[in-house]
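The block underneath contains the structure these notes are about, expressed in structure tokens.
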Amino acid sequence: MSIWLSIILIIIGFVFLAKGADLLVKSATSIAEKFGLSEILIGLTIVAIGTSLPEIFITITSAIEGHSDLIIGNVIGSCICNFLLVIGITSLVKPVRLDKRIVKRHLPICLAAVVLLLFLGNTDKFGNAQTITRWQGIVLLLCTVAYIIYTIHEEKVIKNKKIDEEVVKAVQNKVKHSVGIIIVYMILGILGLKFGADFVVDNSILIAKSFGLSEKLIGMTIVAIGTSLPEIMTGIIAAKNDETDLLLGNVSGSNILNLCFLIGLGAVINPLTFIANFNISILILMAITIFMQLLATVNKKSELNRKRGLSLIIVYIFYIGSMLI
């Protein structure tokens, strides 16, 4: 396959991603309105899983073929990309609201997931290459289930305290589409994201390999950015629709799912080899997670403006630059 054909397929992939993100955000928001659910819950669950589908498919394929570096590199790189590039780009479109529920509860959970991965990758001795076993993978999958259950329970508690039945009925009446139509739109949106990401990622890898880049580097840069494109496009659409609460929940949920579900799924299919070089990247991710927590805590306006968003993008550019050196 020629490089020019790969470039054309990448462009087609961007079109699929844009339309898929648009359909997914609209359908997710419609579900939230129809059933009186918060956008944050939808972002933390349905949209987070939907926009993580590219990573899920890449994880399954890579695990079967034994590409541990690609799986772990993609997970870490995607999480860093979500925090810096996705939130940064979205804030350039419109300031991102920093919901207190995400800041106080879900960012700490994300940090705990980062620490858990660091522990599992160094159960023998820090800095040694070792294996994340199937049993450890099962533990990570159980953590994923526990997180989803916790999120749903948290939503029920908040709903019981704050939402009146008449308000819910009023919101439901605003939704024009039936549940069936909304589900069809959601499925089409997820398929658009899946195939769009496939076109972008697969052809980016072909171009990268032609220049002799390593599998780890491809996973942490090109594949990570490629599989984060759904989050980027979803974030832009959400910002234009003034639904940035959905974005912050999506990013937090996607990162937790990446760290727990993807690593767990890959390890269950085929135990993953964890190389020492990943420790530095995990420590960087840990620092970024703590930084996001501090940034949100000291921010009086509870939003991320364009200036701060631009600074996140600049930090990400430096990070990518350091990977390529």
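- Applying the side chain to side chain contact (heavy atoms under 4.5 Å, CB included) criterion to V184, with sequence neighbours excluded, gives L188.
- Counting only residues at least two apart or in different chains, side chain to side chain donor-acceptor pair (under 3.5 Å) contacts with residues 81-92 comprise N82-S228, N82-N255.
- Hydrophobic clustering of Ile, Leu, Val, Met, Phe, Trp and Tyr side chains at less than 4.5 Å, counting indirect connections, unites L92 with V96.
- Listed by chain and number, the residues in a side chain to side chain contact (heavy atoms under 4.5 Å, CB included) with I269 are I60, A63, I64, L265 (sequence neighbours excluded).
- Under the 4.5 Å side-chain criterion, counting only non-hydrogen atoms from C-beta, F278 is not in contact with L118.
- With sequence neighbours left out, the ring pair (Phe, Tyr, Trp, His ring centres under 6.0 Å) criterion links F195 to no other residue.
- The two residues Y185 and S27 make their nearest non-hydrogen contact at CB-CB, 4.1 Å.
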Working for side chain to side chain contact (heavy atoms under 4.5 Å, CB included), residues N74 and N258: CA-CA 9 Å; N74 179 29; N258 284 346; over 6 Å; no
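- Across all non-hydrogen atoms, the minimal contact from S68 to P271 is OG-O, 4.1 Å.
- Scored by the side chain to side chain contact (heavy atoms under 4.5 Å, CB included) test, T144 finds I148, L257, C260, F261 as partners (sequence neighbours excluded).
- Listed by chain and number, the hydrophobic cluster partners of V145 are I149, where partners are ILVMFWY side chains within reach of under 4.5 Å, directly or through others.
- One hydrophobic cluster, built from ILVMFWY side chains closer than 4.5 Å, cannot hold both V15 and I12; they sit in different ones.
- Counting non-hydrogen atoms of neighbouring residues, nucleotides and ligands closer than 6.0 angstrom, the CG atom of L142 exceeds 12 such neighbours.
- Between L206 atom CG and L5 atom CG the span is 9.5 Å, to the nearest 0.5 Å.
- The shortest side-chain heavy-atom distance between L107 and F83 falls under the 4.5 Å cut-off.
- Smallest separation of non-hydrogen atoms from S62 and L70: OG-CD2, 3.3 Å.
- The heavy-atom pair separating A267 from R134 by the smallest distance is O-CG, 3.3 Å.
- For the side chain to side chain contact (heavy atoms under 4.5 Å, CB included) test, residues two or more places apart in sequence or in another chain that qualify with K240 are V93, I236.
- The side-chain heavy atoms of C79 and L259, taken from C-beta on, include a pair separated by under 4.5 Å.
- Hydrophobic clustering (ILVMFWY, side-chain heavy atoms < 4.5 Å, transitive): V139 and L272 are in distinct clusters.
- Here the shortest heavy-atom pairing between N122 and Q130 reads CA-NE2, 3.1 Å.
- Taking CD1 of I263 as the start and OG1 of T59 as the end, the distance is 7.0 Å to the nearest 0.5 Å.
- Within the 4.5 Å cutoff, the side chain of N203 has no heavy atoms near those of the I7 side chain.
- One distance of note links CD1 of I132 with CD1 of I72; it measures 4.5 Å at 0.5 Å rounding.
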Can you give each donor-acceptor pair under 3.5 Å made by side-chain atoms of residues 309-325, sequence neighbours left out, with the distance rounded to 0.1 Å?
{"unit_1": "S311", "atom_1": "OG", "unit_2": "R308", "atom_2": "O", "d": "2.4"}
{"unit_1": "S322", "atom_1": "OG", "unit_2": "Y319", "atom_2": "O", "d": "2.5"}

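- When the side chain to side chain donor-acceptor pair (under 3.5 Å) test is applied to K19, no partner is found at least two apart in sequence or on another chain.
- Within the structure, the salt bridge (charged side-chain N to carboxylate O under 4.0 Å, His left out) test picks out no pair touching residues 267-283 (sequence neighbours left out).
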Residues M286, V115; criterion side chain to side chain contact (heavy atoms under 4.5 Å, CB included); working and verdict: CA-CA 8 Å; M286 188 182 300; V115 173; 4.0 Å; yes
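- Contacts classified as salt bridge (charged side-chain N to carboxylate O under 4.0 Å, His left out) and involving residues 68-77 (residues at least two apart or in different chains) are not found.
- The aromatic rings of Y147 and H106 lie perpendicular to each other, with more than 60° between the two planes, well past the 30° mark.
- Sorted by first then second residue, the side chain to side chain donor-acceptor pair (under 3.5 Å) pairs that include residues 282-296, not counting sequence neighbours, number zero.
- Counting only heavy atoms from C-beta outward, the side chains of L262 and I71 never approach each other to under 4.5 Å.
- Minimum interatomic distance between T131 and Q136 (heavy atoms only, all atoms of both residues): O-OE1, 3.6 Å.
- Once rounded to the nearest 0.5 Å, the distance linking CG of L111 with CG of L116 reads 11.5 Å.
- Distance OG1/T61 to CD/E65: 6.5 Å, rounded to 0.5 Å.
- One distance of note links CG of L217 with CD1 of I222; it measures 7.0 Å at 0.5 Å rounding.
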